[in-house]
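When a residue number appears, it is its place in the shown sequence, counting from 1. Just the heavy atoms: all of them, side chains too, but no hydrogens, waters or symmetry mates, feed the values below. Read the numbers this way: they start at 1 and go in the same order the structure lists the ligands and their atoms. Quick caveat, the model's predicted, so the values are computed rather than measured.
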Amino acid sequence: MAKIGFIGLGNMGGHMANNLLKAGHSLKAFDLSKEALDRAVANGAVAMATAAEAGKDVDVIVSMLPAGKHVRGVYGDAGGVFDNASPGTLIIDSSTIDVQSARDVIAMAAKKGLDMVDAPVSGGVGGAQAGTLTFMVGGSQEAFNKAKPILDLMGKKIFYAGGPGNGQAAKIANNMLLGISMIGTSEAFNLAMALGLDAKTFFDISSVSSGQCWSMTSYCPAPGPLPTSPANNDYKPGFAVDMMLKDLRLAKEAAESVGANTPLGHQSEELYGKLSADGHGGLDFSGIIKMLAGRL
Ligand code: NAD
């Protein structure tokens, strides 16, 4: 059984850590939030006073933090994890962060003799709890091979995406497409309904025609056709507008850094930005259908 340090035990990390504990691994945990830490301790983790302590004398470190600046700070600050981890420790950062931070931090880790991968996830809190997340992993093939057995305990599909930062690149490109397709699906429903179709009729036709996509068949933004979608639950998340906006901003920043032309990605970021600025950041991201219909 491995000795694991876990940093960031929020909505996602708390469940992921729990799945590692359930598999019999020992866990040193750290979070700035006492509440999050207490929950992990109740599940069998040992609370540490700092991130650096959680990363000391362990075989593997897993982190699940909000953004790039937190990851840079926790690992790279003087007296942080990199200054305290033993050479040979495997580090898995599953936070969704900007590609450049992921690449910089992995390069710093290599200088310290530490194997590190970026391994962002998709699947949300439900997937974290059930241990069915999808992991998109960037780093050396060797580091990926070492990380795979640990990731298997928290996820169902584990993809090797290539070198450092490629996991983040896959994640934000995918989520940019999701943002765009949700807006497209919403526009199509709004148009069909304005022209006199009901949502169910349009769904029955388009979900088996060329307009079919995940936003329609698994997450339909119009209430009615798909009972499990947030549209039938007052657009409670699910996947909140502010989370989608975070990923669209990361995609925009990454596109600018390599000169990639992503006009629909930019427009999606503006539309989700407006929805958030209007006070609806906590709404499920499929709620954009209401804004597009002029009902928000
Ligand atoms: P969260 O805010 O619930 O959890 C983040 C945790 O990190 C918090 O408990 C916070 O106290 C802790 N933290 C912040 N700074 C810290 C520091 N310096 N040291 C130690 N702990 C620190 O967020 P979440 O929903 O668990 O998301 C975590 C990451 O996963 C984010 O990058 C997010 O984009 C990504 N993600 C989330 C979802 C989702 O559905 N929630 C889905 C896919 C990816």
Side-chain angles (χ1 to χ4, degrees), residues 5-19 27-41 43 45 47-55 61-82 84 91-99 101-102 105 118-137 151 154-157 167-168 170-176 178-179 219 230 236-251 253-254 272 276 281-286:
F6 207 110
I7 304 161
L9 300 136
N11 292 322
M12 297 291 289
H15 290 302
M16 292 161 69
N18 197 27
N19 285 326
L27 214 83
K28 290 183 180 181
F30 177 68
D31 195 295
L32 291 175
S33 148
K34 186 179 177 310
E35 204 188 334
L37 203 49
D38 286 348
R39 263 198 310 271
V41 169
N43 289 331
M48 294 288 131
T50 62
E53 277 184 40
I61 299 168
V62 184
S63 52
M64 195 53 169
L65 295 161
K69 64 179 179 192
H70 306 97
V71 173
R72 284 177 182 273
V74 159
Y75 285 106
D77 277 359
V81 173
F82 285 159
N84 285 278
I91 301 176
I92 301 171
D93 178 47
S94 282
S95 326
T96 301
I97 66 172
D98 59 288
V99 175
S101 290
V105 172
D118 56 296
V121 304
S122 94
V125 177
Q129 184 164 18
T132 57
L133 293 168
T134 296
F135 283 88
M136 295 153 257
V137 187
L151 299 176
M154 301 183 284
K156 206 160 143 193
K157 293 187 193 141
Q168 301 293 348
K171 160 90 189 173
I172 54 164
N174 178 73
N175 278 23
M176 183 184 80
L178 174 62
Y219 216 89
K236 291 200 182 79
F239 186 52
V241 166
D242 279 347
M243 292 240 178
M244 173 51 81
L245 185 56
K246 171 188 170 181
D247 292 351
L248 289 169
R249 285 183 174 149
L250 289 174
E253 196 182 306
Y272 277 105
S276 177
L283 203 65
D284 185 78
F285 82 113
S286 61

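- Electrostatic pairing of D242 and K246 does not count as a salt bridge here, judged by no charged N lying under 4.0 Å from a carboxylate O.
- Taking a cut-off of under 4.0 Å to the non-hydrogen atoms of K171, the atoms of ligand 1 that pass are 43 (C), 44 (C).
- For ligand 1, the polar-atom distance check against K246 finds a nitrogen or oxygen pair separated by under 3.5 Å.
- The shortest contact between atom 9 (O) of ligand 1 and any protein heavy atom is with D31 OD2, 2.7 Å.
- Of the polar atoms of M243, none of the N or O atoms is found under 3.5 Å from an N or O of ligand 1, judged by distance alone.
- Between S94 and M16 there is a side-chain heavy-atom pair separated by less than 4.5 Å.
- Contact annotation: for K34 versus ligand 1, there are no heavy atoms closer than 4.0 Å.
- Using modelled atom types, no side-chain atom of N19 and backbone atom of M154 make a donor-acceptor pair closer than 3.5 Å.
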Exercise. Using the side-chain contact (heavy atoms from CB on, under 4.5 Å) rule, take Y75 and I61 through it: C-alpha gap first, then chi angles, then the decisive distance, then the call.
Key: CA-CA 11 Å; Y75 285 106; I61 299 168; 3.7 Å; yes
Exercise. Any chance you could lay out the side-chain contact (heavy atoms from CB on, under 4.5 Å) test for Q168 and D98, step after step, and finish with the verdict?
Key: CA-CA 7 Å; Q168 301 293 348; D98 59 288; over 6 Å; no
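- The minimum heavy-atom distance linking G79 with N84 is given by the pair O-ND2, 3.2 Å.
- Scanning all protein heavy atoms for the shortest distance to atom 44 (C) of ligand 1 gives T96 OG1, 3.6 Å.
- Of all the heavy atoms of H70, the ones lying under 4.0 Å from any atom of ligand 1 belong exclusively to the side chain.
- Nearest heavy-atom pair across G167 and D118 is N-OD2, 3.0 Å.
- Closest of all the heavy-atom pairs between P120 and T96 is CB-OG1, 4.3 Å.
- Here the heavy atom of the protein found nearest to atom 40 (O) of ligand 1 is G124 CA, 3.5 Å.
- Residue-to-ligand polar distances keep S94 apart from ligand 1: every N/O pair is separated by 3.5 Å or more.
- In this structure, atom 13 (N) of ligand 1 lies nearest to the protein heavy atom L65 CD2, 3.8 Å.
- You'll find the side chain of L32 reaches within 4.5 Å of the side chain of F30, heavy atoms only.
- Shown in contact with F30 at under 4.0 Å from a heavy atom are these atoms of ligand 1, numbered in order with element: 19 (N), 20 (C).
- Atoms CG and CG, from L27 and N43 in turn, are 10.0 Å apart once rounded to the nearest 0.5 Å.
- What sits closest to atom 21 (N) of ligand 1 on the protein, heavy atoms only, is L32 N, 3.4 Å.
- Taking the six-membered ring for Trp and thresholds of 30 and 60 degrees, Y272 and F285 have ring planes inclined between 30 and 60 degrees apart.
- Taking every heavy atom of V74 and a limit of under 4.0 angstrom, the matching atoms of ligand 1 come to 17 (C), 18 (N), 19 (N).
- The closest side-chain heavy-atom distance from K156 to L133 is not below 4.5 Å.
- Nearest protein heavy-atom neighbour of atom 4 (O) of ligand 1: G10 CA, 3.3 Å.
- Within a 4.0 Å radius of atom 30 (O) of ligand 1, the protein contributes at least one heavy atom.
- For a threshold of 3.5 Å applied to N or O pairs, the pair formed by M12 and ligand 1 contains at least one separation below that value.
- Looking at atom 3 (O) of ligand 1, its nearest protein heavy atom turns out to be N11 N, 2.9 Å.
- The contact set between ligand 1 and S33, taken as ligand atoms under 4.0 Å from a residue heavy atom, comprises 11 (O).
- Some N or O of P66 is nearer than 3.5 Å to an N or O of ligand 1, by distance alone.
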